[in-house]
Amino acid sequence: MDVRVAVLDDYQGVARDYADWQSLPARVEFFHEHIADPRELVRKLQPFQVVAAMRERTRFPREVLAALPNLQLLVTTGMRNAAIDLAAATEHGITVCGTNSGGAAQDRSWAPTAELTWGLIFALTRNIPAEDRIIREGGWQHHIGVELEGRTLGVLGLGRLGKQVASIARAFNMNVIAWSQNLTDEAAEEVGAVRVDKEELFTDSDILTIHTVLSRRTRGLVGAAELALMKPTAYLINTSRGPIVDEAALQAALREGRIAGAGIDVFGREPLPVDDPWRSTPRTVLTPHIGYVTDGTYRTFYAETVEDIHAFLRGEPIRVLNAD
């Protein structure tokens, strides 16, 4: 069989360099532009038996999977992908498998996102993007920064990533508070944090950072009511998932100066349309969902994608994702 492999959403045009694609007994095609229209996606992918997806950049709902009769294997980077209808894939005989989550050490795959979180915090509190722009335009010192020592970091979601962010805060002598629906006092104390209720998290935080998984119960978890509790001097950071926050409510709070700023790496719609309101929202530092976009992560993602394809074609065991 003449096997064809489609590698989607290779935004930077680097996928070819991160794995030995030539070792595959297949023709590999790299797609650099995101294909948002489901009908166009189906048209492009019709000839392919194997599709390699980068995280949740491209959605594979039931109607798309049903329209791809040649598709046999769908590989996603990582072992979780909410953009794939796994039940529909099973019904249509499509195997869905994944890779490790990347990074130099597999049990620290969340570290790059924790690092970006602090990058956004520094960029906001010290006005780094604005000062960079001003100095290139011939200016000098326009803003007053905010020191972190003695301030309160609020962590919404104290899992592995949230704990890493909290641990770094202690190095700056910050006070750390945390809340999530199942958080215990003991888990918070492990990283020097104090468990508080949800209202306290929003009222007491000088910087509030979100590190929870998107699910039915967390969608819209941060809405207008929660934002109204925040100090006018407070900052919000979201490197988790866009829909956890009511984006319209947050944009309104920023435009009206009801909070000091926001650092956003994730959005309800990605890539952002050219005319998206985020592009003109003040008091923000925006990054294009790059929390996991690092050299170490890409090396793991793409190398293991090739390994999965090899194993599938040989009939060997692979890292299968299950609907349950």
Side-chain angles (χ1 to χ4, degrees), residues 116-131 133-134 142-158 162 165-166 169 172 174-181 193-194 196-212 214 217-270 272-273 275-289 291:
L116 180 70
T117 296
W118 280 100
L120 290 171
I121 291 171
F122 293 135
L124 281 167
T125 57
R126 299 306 299 269
N127 303 290
I128 293 172
E131 293 290 359
R133 184 177 62 253
I134 288 165
H142 277 225
H143 300 87
I144 305 297
V146 174
E147 71 282 355
L148 299 180
E149 185 172 10
R151 307 276 177 175
T152 297
L153 178 75
V155 184
L156 195 166
L158 203 64
V165 172
F172 295 109
M174 297 185 74
N175 304 308
V176 183
I177 59 176
W179 173 85
S180 61
Q181 285 147 332
V194 175
V196 297
D197 62 31
K198 184 181 177 183
E199 182 173 316
E200 285 180 279
L201 183 79
F202 284 89
T203 57
D204 293 357
S205 295
D206 294 302
I207 300 167
L208 191 147
T209 181
I210 300 170
H211 302 292
T212 189
L214 177 63
R217 67 178 184 176
T218 63
R219 185 177 292 272
L221 183 63
V222 181
E226 288 75 21
L227 294 169
L229 296 172
M230 295 180 69
K231 305 172 185 177
T233 54
Y235 299 88
L236 183 141
I237 310 293
N238 189 6
T239 56
S240 184
R241 286 295 184 271
I244 294 171
V245 179
D246 181 331
E247 292 185 311
L250 177 54
Q251 289 164 4
L254 290 163
R255 291 185 188 280
E256 295 164 14
R258 287 186 275 114
I259 64 172
I264 309 294
D265 184 53
V266 289
F267 306 88
R269 184 176 176 186
E270 298 178 2
L272 279 181
D275 60 349
D276 192 278
W278 273 122
R279 295 186 185 269
S280 59
T281 301
R283 300 181 176 88
T284 56
V285 174
L286 309 179
T287 51
H289 202 156

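Treat the numbers as computed from the prediction; the structure is a model and nothing was measured. All residue numbers refer to positions in the sequence shown, counting from 1.
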Can you check side-chain contact (heavy atoms from CB on, under 4.5 Å) on Val196 and Asp204, steps first, answer last?
CA-CA 10 Å; Val196 297; Asp204 293 357; 5.6 Å; no

Just verifying a value: how many Å separate Leu208 CG and Tyr235 OH, rounded to the nearest 0.5 Å?
14.0 Å

Does any N or O in the side chain of Arg279 come within less than 3.5 Å of the main-chain N or O of Leu272, such that one atom is a donor and the other an acceptor?
yes

Those residues that, when tested against Thr287, pass side-chain contact (heavy atoms from CB on, under 4.5 Å) (two or more places apart):
Leu116, Leu120, Asp265, Ile290

Do the side chain of Ser240 and the main chain of Thr212 share a donor and acceptor less than 3.5 angstrom apart?
yes

Checking Asp197 side chain against Glu200 main chain: does a donor-acceptor pair fall under 3.5 Å?
yes

What are the two closest heavy atoms between Ile207 and Ile121, and how far apart are they?
CD1-CG2, 3.7 Å

How close do Pro129 and Ala123 get, counting heavy atoms only, and between which atoms?
CD-O, 3.4 Å

Could you measure the distance from the CD1 atom of Ile259 to the CG atom of Leu250? Nearest 0.5 Å is fine.
5.0 Å

Any residue meeting side-chain contact (heavy atoms from CB on, under 4.5 Å) with Asp246, in chain and number order, not counting sequence neighbours:
Ala248, Ala249

Which heavy atom in Leu158 sits nearest to a heavy atom in Ala178, and how many Å separate them?
CD2-CB, 4.0 Å

Can you list everything that forms a side chain to side chain donor-acceptor pair (under 3.5 Å) with Thr281? Sequence neighbours excluded, please.
Arg255

Using salt bridge (charged side-chain N to carboxylate O under 4.0 Å, His left out) as the criterion, list what pairs up with Glu256, not counting sequence neighbours.
Arg258

Going by the rule side-chain contact (heavy atoms from CB on, under 4.5 Å), which residues pair with Leu229 if we only count those two or more places apart in sequence or in a different chain?
Glu199, Phe202, Thr203

Gap between atom CD of Glu147 and atom CE of Met174 - 0.5 Å precision
10.0 Å

For residues Val176 and Ala169, report the shortest heavy-atom separation together with the two atoms involved.
CG2-CB, 3.7 Å

Ser205: what forms a side chain to side chain donor-acceptor pair (under 3.5 Å) with it, not counting sequence neighbours?
none

If only side-chain N and O atoms count, and only distance matters, is there a donor-acceptor pair under 3.5 Å linking Trp278 with Glu247?
yes

Mind checking what makes side chain to side chain donor-acceptor pair (under 3.5 Å) contact with Trp118, not counting sequence neighbours?
none

Heavy-atom distance under 4.5 Å between the side chains of Phe267 and Asp276, does that happen here?
no

Using side-chain heavy atoms (C-beta onward) and a distance below 4.5 Å, is Thr239 in contact with His211?
yes

Would you check if the side chain of Asn238 reaches a backbone N or O of Ile264 as a donor-acceptor pair within less than 3.5 Å?
no

From the list Leu221, Ile237, Thr209, side chain to side chain contact (heavy atoms under 4.5 Å, CB included) partner of Leu156 resolves to Leu221

Holding to side-chain contact (heavy atoms from CB on, under 4.5 Å), I want the full list of residues that pass it with Glu131, two or more places apart in sequence or in another chain.
Asn127, Ile134, His142, His143

According to salt bridge (charged side-chain N to carboxylate O under 4.0 Å, His left out), does anything in residues 119-130 pair up with another residue at least two apart or in another chain? List the pairs.
none

Side chain to side chain donor-acceptor pair (under 3.5 Å) involving Glu226 - partner list, sequence neighbours excluded
Lys198

Student check: side-chain heavy atoms of Val146 and Thr233 closer than 4.5 Å:
no

What are the two closest heavy atoms between Leu254 and Arg283, and how far apart are they?
O-NH1, 2.6 Å

